[in-house]
Chemist: 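Sharing a structure, written as structure tokens. Questions coming.
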Amino acid sequence: DVLGGAPALRGAGLLQLRLDRTADPAEAGGAWRGQVDYAVLYEFRYQDSDGAASLIARIPIHGQTDVSGVEVTTVTDHMVRWDEHGAPALVVAPPPSQALRVTGLMVAAFLPGGGPAGDVTRIVERDGVAESVSFSSLAAFLADFTDELSPIDLVAIPPPLLPGEVQEVRAFQGRRRRFAPPLVLRGGDRFEVRFGEAAFPPGSPAQVYLQAAVSTKG
């Protein structure tokens with residue numbers, strides 16, 4: 001039953017179920033009983049932006065080495081942020097010896113007036129064959145997301161506030177697009193979502209956080 005319900009458990013936040021230990025069977029009341037302990041790793045999905053100005057899409061790490069001096073490495077997950085500073089492509093590509101399962105996309109978008117102009121392209125390349133789906137605008141791309149998620153409130157980074165002024169809180173629209181069946185990627189395959197422009201227009205308040213739901217294929 002647990003194995004059969006794996007997709008639902010994974011969707012609820014269960015990350016790992018591991019057998020920890022078993023006790024020797026013992027007779028009790030005319031029946032034999034055994035005790036089994038499992039270690040459970042799960043994701044506690046807690047949302048409270050609490051005045052945050054952004055979500056974490058990348059983490060720069062500064063390191064000091066004896067050979068080359070200061071080095072900067074940027075750690076990213078399967079999430080990108082599109083705004084006036086840049087619109088990097090979301091790319092999922094497994095290493096040669098590993099397979100990944102892409103179960104869908106999640107987005108949090110703040111797009112006043114529908115957002116800036118630009119098309120969005122979704123690409124799946126498997127076994128050397130690429131298939132793409134294009135959307136004429138950000139609004140058309142978001143219309144392909146069928147599940148509504150709770151909005152995320154983020155504080156806009158303002159200039160110095162004058163007496164009596166308050167920070168602007170922006171409600172980001174949350175949506176999810178499930179892939180049925182999931183996309184299974186192996187070494188050399190890739191999944192990509194790209195915006196048609198290198199960045200949103202300068203001064204644009206629009207922002208989009210785009211994340212791929214990815215798990216290791218067993």
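Position 1 is the first residue of the sequence, and the numbers go up from there.
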Chemist: Closest approach of Ser132 and Thr121, non-hydrogen atoms and distance?
Modeler: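 In terms of heavy atoms, the two residues are closest at CB-CG2, 4.1 Å.
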
Chemist: Write down the atom of Ser137, the atom of Val120, and the distance for their closest heavy-atom approach.
Modeler: O-CG2, 4.4 Å

Chemist: State the CG-CZ distance between Asp144 and Arg177, to the nearest 0.5 angstrom.
Modeler: 4.5 Å

Chemist: How long is the span from the CG atom in Leu105 to the CG atom in Asp147, to the nearest 0.5 Å?
Modeler: 12.0 Å

Chemist: Does one hydrophobic cluster hold both Val107 and Phe135, with members joined at side-chain heavy-atom distances below 4.5 Å?
Modeler: yes

Chemist: Same cluster for Leu183 and Leu90 if Ile/Leu/Val/Met/Phe/Trp/Tyr side chains link at under 4.5 Å?
Modeler: yes

Chemist: Applying the 4.5 Å side-chain criterion to the ILVMFWY set and letting contacts propagate, would Leu15 and Leu9 be lumped into a single cluster?
Modeler: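 No, because Leu15 and Leu9 fall into different hydrophobic clusters, even though each may have its own neighbours under 4.5 Å.
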
Chemist: From Glu125 CD over to Phe191 CZ, what is the distance, rounded to the nearest 0.5 angstrom?
Modeler: 13.0 Å

Chemist: For Glu192 and Val91, which heavy atoms make the closest approach, and how far apart are they?
Modeler: CG-CG2, 3.9 Å

Chemist: Glu84 side chain to Gly203 main-chain N or O, any donor-acceptor pair under 3.5 Å?
Modeler: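 Between the backbone of Gly203 and the side chain of Glu84 there is a qualifying donor-acceptor contact (under 3.5 Å).
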
Chemist: Side-chain contact, heavy-atom cut-off 4.5 Å: Gln173 with Leu142?
Modeler: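 Answer yes - side chains close enough.
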
Chemist: Tell me if the CD atom of Glu27 is crowded by more than 12 foreign heavy atoms within 6.0 Å.
Modeler: yes

Chemist: If you apply the rule salt bridge (Lys or Arg N to Asp or Glu O under 4.0 Å), what do you find for Arg175 with Glu148, and how did you get there?
Modeler: CA-CA 5 Å; Arg175 286 181 175 268; Glu148 292 276 353; 2.9 Å; yes

Chemist: Could you go step by step and tell me if Val36 and Leu19 meet the side chain to side chain contact (heavy atoms under 4.5 Å, CB included) rule?
Modeler: CA-CA 8 Å; Val36 181; Leu19 177 63; 3.2 Å; yes

Chemist: Could you tell me the separation between the CZ atom of Arg176 and the OG1 atom of Thr146, rounded to the nearest 0.5 Å?
Modeler: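 Output value for this atom pair is 8.5 Å.
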
Chemist: Ignoring hydrogens, what is the shortest heavy-atom contact between Val208 and Ala109? Give both atom names and the distance.
Modeler: CG2-CB, 4.0 Å

Chemist: Looking at every non-hydrogen atom in both residues, tell me the closest pair between Val80 and Ala89 and how far apart they are.
Modeler: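 That closest heavy-atom pairing would be CG1-O, 3.7 Å.
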
Chemist: Side-chain contact test, heavy atoms from C-beta onward, threshold under 4.5 Å: evaluate it for Val133 versus Val124 and give yes or no.
Modeler: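 Counting from C-beta outward, Val133 and Val124 never come under 4.5 Å.
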
Chemist: Just so I know, are the side chains of Phe110 and Tyr209 near enough to count as touching, which here means a heavy-atom distance under 4.5 Å?
Modeler: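 Not in contact.
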
Chemist: Arg81 versus Leu210: any side-chain heavy-atom pair under 4.5 Å?
Modeler: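 Arg81 does not reach Leu210 side chain to side chain.
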
Chemist: Would a 4.5 Å heavy-atom cut-off, applied to side chains only, mark Met106 and Phe145 as touching?
Modeler: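 Answer no - side chains too far apart.
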
Chemist: Could you tell me which non-hydrogen atom of Val184 sits nearest to which non-hydrogen atom of Asp189, and how far apart they are?
Modeler: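 Taking Val184 first and Asp189 second, the nearest heavy atoms are O-OD2, 4.3 Å.
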
Chemist: Do Trp82 and Leu138 have side chains that get closer than 4.5 Å, going by heavy atoms?
Modeler: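 Yes, side chains in contact.
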
Chemist: What I'd like to find out is whether the side chain of Val193 reaches to under 4.5 Å of the side chain of Phe141, using heavy atoms alone.
Modeler: yes

Chemist: Check the pair Arg126 / Leu185 against side chain to side chain contact (heavy atoms under 4.5 Å, CB included), numbers first and verdict last.
Modeler: CA-CA 7 Å; Arg126 289 183 286 190; Leu185 306 177; 4.0 Å; yes

Chemist: Looking at CZ of Arg186 and OG of Ser97, how far apart are the two atoms once the value is rounded to the nearest 0.5 Å?
Modeler: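 Between Arg186 CZ and Ser97 OG, I get 13.0 Å after rounding to 0.5 Å.
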
Chemist: Could you go through Phe195 and Phe200, starting from their C-alpha distance and side-chain angles, then the distance that decides it, and tell me whether this counts as ring pair (Phe, Tyr, Trp, His ring centres under 6.0 Å)?
Modeler: CA-CA 9 Å; Phe195 185 60; Phe200 291 173; 5.2 Å; yes

Chemist: More than 12 heavy atoms of other residues, nucleotides or ligands under 6.0 Å from CG of Asp127: is that the case?
Modeler: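 For Asp127, atom CG is not crowded (no more than 12 foreign heavy atoms under 6.0 Å).
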
Chemist: So, taking the atom named CZ in Phe179 and the one named OG1 in Thr103, what distance separates them when rounded to the nearest 0.5 Å?
Modeler: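 Going from the CZ atom of Phe179 to the OG1 atom of Thr103 covers 8.5 Å.
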
Chemist: Between Ser136 and Asp119, is any pair of side-chain heavy atoms under 4.5 Å apart?
Modeler: no

